[in-house]
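By convention here, the first residue in the shown sequence is residue 1.
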Amino acid sequence: MGKVLILYYSKDGNTEKMAKYVAEGASQIPGTEIRLKNTETASREDIIWCDGVAVGSPTHLGILSSGMKKFWEDLLPDWQRIDGKIGCAFSSQGGWGGGGELTCMSILTVLINYGFLVFGVTDYSGHQFTAHYGAVQAGEPRLDKEIEACRRLGKRLAEWVAVYADVRKEFHPLNNLYKRNPWD
């Protein structure tokens, strides 16, 4: 069974809402065990436990929050115990153009430093709405395309975990026939 951790830091609740949608997406892949935790309740054991992690943070000064960064800094003694897992990112921001994609890139940089295999999502969740660097949101996710971007990210993470951790190649994204562009 693939193990997916949805790890988030949320100050105003928007990133937490995104995390719940990411978890919903991951639950669409059968045989996936999911843990949804914030940085205050998660532990190093959760990171060691998981095969894949979706990391979410609000955008603070154009990068990940200090609370999320501290969580990862505290894991430094376990550097090589978590190498080779799969990771992705999501972020809420104060407004469009507020740095959400930069925050995702800063999260992915942290994951890469730990040896995580990271990915983006090529699917569209709505017209001109993608999660290439991770799901990003201005404020609270309300529109269907915003919610779907979070779900797609979680589903893709669970697919990659199924393929690489469980050797269930039937879950490779290119083998699945769901609509990848909803307006087609």
Determine whether a donor-acceptor pair (N or O, by modelled atom type, separation under 3.5 Å) exists between the side chain of [X] and the backbone of [Y].
{"X": "Asn113", "Y": "Thr109", "result": "yes"}
{"X": "Thr59", "Y": "Gly62", "result": "no"}
{"X": "His132", "Y": "Gly120", "result": "no"}
{"X": "Ser92", "Y": "Gln137", "result": "no"}
{"X": "Ser125", "Y": "Glu148", "result": "no"}

Taking side chain as C-beta onward, heavy atoms only, is [X] less than 4.5 Å from [Y]?
{"X": "Val161", "Y": "Leu157", "result": "yes"}
{"X": "Glu33", "Y": "Trp49", "result": "yes"}
{"X": "Phe90", "Y": "Ile6", "result": "yes"}
{"X": "Phe116", "Y": "Ile82", "result": "yes"}
{"X": "Tyr124", "Y": "Arg152", "result": "no"}
{"X": "Val136", "Y": "Gln93", "result": "yes"}
{"X": "Val22", "Y": "Lys155", "result": "no"}

**OP:** Indicate whether any N or O donor in one side chain lies under 3.5 Å from an N or O acceptor in the other, for Ser57 and Thr103.
**Re:** no
Counting only heavy atoms not in [X] (residues, nucleotides, ligands), do more than 12 fall under 6.0 Å from its [atom1]?
{"X": "Asp74", "atom1": "CG", "result": "yes"}
{"X": "Leu61", "atom1": "CG", "result": "no"}
{"X": "Lys11", "atom1": "NZ", "result": "no"}
{"X": "Glu40", "atom1": "CD", "result": "no"}

Can you tell me how far apart [atom1] ([X]) and [atom2] ([Y]) are? Round to the nearest 0.5 Å.
{"X": "Asp51", "Y": "Met1", "atom1": "CG", "atom2": "CE", "value": "11.0 Å"}
{"X": "Met18", "Y": "Tyr8", "atom1": "CE", "atom2": "OH", "value": "13.0 Å"}
{"X": "Glu101", "Y": "Tyr133", "atom1": "CD", "atom2": "OH", "value": "6.5 Å"}
{"X": "Thr122", "Y": "Arg156", "atom1": "OG1", "atom2": "CZ", "value": "5.5 Å"}

**Prompt:** Hey, mind stepping through Ile47 and Asp78 against side-chain contact (heavy atoms from CB on, under 4.5 Å) and telling me if it holds?
**Reply:** CA-CA 10 Å; Ile47 298 293; Asp78 295 311; over 6 Å; no
(request) Would you sort out whether Val55 and Tyr9 count as a side-chain contact (heavy atoms from CB on, under 4.5 Å), showing the intermediate values? (result) CA-CA 8 Å; Val55 178; Tyr9 173 87; over 6 Å; no
Determine, step by step, whether Arg35 and Asp46 satisfy the salt bridge (Lys or Arg N to Asp or Glu O under 4.0 Å) criterion, reporting the C-alpha distance in whole Å, the side-chain angles of both residues, the deciding distance to 0.1 Å, and the verdict. CA-CA 8 Å; Arg35 290 184 186 174; Asp46 291 308; 2.6 Å; yes
_Would you call the rings of Trp72 and Tyr114 parallel, tilted or perpendicular, taking 30° and 60° as the class edges?_
tilted
Same cluster or not: are Val4 and Trp160 linked, directly or through other Ile, Leu, Val, Met, Phe, Trp or Tyr residues, by side-chain heavy atoms under 4.5 angstrom apart? yes
Closest heavy-atom pair, Gly134 versus Cys104, reported as atoms and distance to 0.1 Å, is CA-SG, 4.0 Å
